[in-house]
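Contents: one structure, followed by commentary.
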Number of protein chains: 2
Amino acid sequence: MIDYFYEVNMKIAEVSERYGLSSDTLRYYERIGLIPRVQRSDSGIRDYSELDIRRVEFVKCLRSAGLPLEVLVEYMDLVQQGDATIEARKDILREQRDLLTARILAMQKTLEVLHRKVQVYETAILAKEKQIVQTEK
Amino acid sequence: MIDYFYEVNMKIAEVSERYGLSSDTLRYYERIGLIPRVQRSDSGIRDYSELDIRRVEFVKCLRSAGLPLEVLVEYMDLVQQGDATIEARKDILREQRDLLTARILAMQKTLEVLHRKVQVYETAILAKEKQIVQTEK
DNA sequence: CCTTGACTTGGAGTTACCTCCAGGTGATAG
DNA sequence: CTATCACCTGGAGGTAACTCCAAGTCAAGG
């Protein structure tokens, strides 16, 4: 029988595939309360709703920038608590945004250092090659 | 008696202070071969030379951008081995530079997401305040 | 009916990177 | 002379974030 309802939901393997997080990690995130409990099918299998998937995406995004799980858990907890926590949530995100800005700045400085150092090596290698050519003459 | 030789060297506490790495961390870095063995005074106390200090600074810089210890140990090892390893060292730094570039890019995207989200919260809070004012009338 | 394979759970194990500790030494201040 | 203090060593402990495992369930295919 054809299912007339459009089925958006996904099993854990699909979510894992799509967001590059292992199934174990997804289950782990749920365990620690980072993602609220996902609905299970009759046979107990996770059935990620669109909302769940958006949460995974959000978490994946912030985690990949290095925000600590602890902070994200706290934030997601506040989200669950509803409108009264908007102020607190904003404060968390603002703080993390500022920290991230600082981290990016530091990394850019380091990148510069690395970049110059690579260039120094490249010219050193060129000089060495030239020396070899002269020796061969 | 006055010491006529200019004394640049530092004890571990001073290096720790100056670079924001704990003494334990400095000793740890030496243990794992990230910093070659630092000279000891007669009574066995570390006496960081200018070169040692430059190494600490370099490591601190790269670590703060998230380069893994393993890679840095490998690199410092090659440095110890002398000129023959210049090519290999360049390759390591180039790879790490490229990885870092990618990480910074990803973080900038996340920063944008965070930034927008903070703004959404800020306007939401403003709207809420306005509502309260109206209710009070 | 039986096997296969993707899923479930609770709990244990792993990795990277420190951080702490116990027990000991040597220089300096009271 | 003794107490304090910064340092030493080797080794154990801690934390964050996964990652793996054993034992079990269920649906689908042969």
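Reminder, nothing fancy here: chain letters follow the sequence lines and each chain counts from 1.
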Kindly indicate, with the supporting measurements, whether the criterion salt bridge (Lys or Arg N to Asp or Glu O under 4.0 Å) is fulfilled by A:Lys90 and A:Glu87.
CA-CA 5 Å; A:Lys90 186 209 63 184; A:Glu87 194 92 35; 3.6 Å; yes
Charged N to carboxylate O under 4.0 angstrom, B:Lys11 versus B:Glu14?
no
The single option from B:Asp24, B:Val56, B:Leu69, B:Val38 that satisfies side chain to side chain contact (heavy atoms under 4.5 Å, CB included) with B:Tyr29 is B:Leu69
Do A:Tyr28 and A:Ile35 sit in the same hydrophobic cluster, where Ile, Leu, Val, Met, Phe, Trp and Tyr count as joined when their side-chain heavy atoms come under 4.5 Å apart?
yes
Does the side chain to side chain contact (heavy atoms under 4.5 Å, CB included) test come out yes or no for A:Leu62 and B:Thr110, once each step is laid out?
CA-CA 6 Å; A:Leu62 298 202; B:Thr110 301; 3.5 Å; yes
Under 30°, 30 to 60°, or over 60°: which ring-plane class applies to B:Tyr121 and A:Tyr75, parallel, tilted or perpendicular?
perpendicular
Dump the intermediate steps for side chain to side chain contact (heavy atoms under 4.5 Å, CB included) on B:Glu74 and B:Glu70, then the final yes or no.
CA-CA 6 Å; B:Glu74 192 192 347; B:Glu70 201 185 355; over 6 Å; no
What string of B, S and - do you get for nucleotides 8-25 of chain C, 5' to 3', when a contact is any protein heavy atom under 4.0 Å?
BBBB-----BBBB-----
Let me check something: do A:Tyr48 and A:Val79 share a hydrophobic cluster, defined by ILVMFWY side-chain heavy atoms less than 4.5 Å apart, either directly or through other members?
yes
When B:Ile12 is tested against each of B:Arg46, B:Glu30, B:Glu17 for side chain to side chain contact (heavy atoms under 4.5 Å, CB included), which residue passes?
B:Arg46
Electrostatic pair A:Glu50-A:Arg54, nearest N-O below 4.0 angstrom
no
Taking heavy atoms of chain B and a 4.0 Å limit, find me the 5'-most and 3'-most nucleotide of DNA chain D within that range.
D:dC7 to D:dG11
Among residues 97-104 of chain A, which ones have heavy-atom contacts with DNA chain D below 4.0 Å?
none
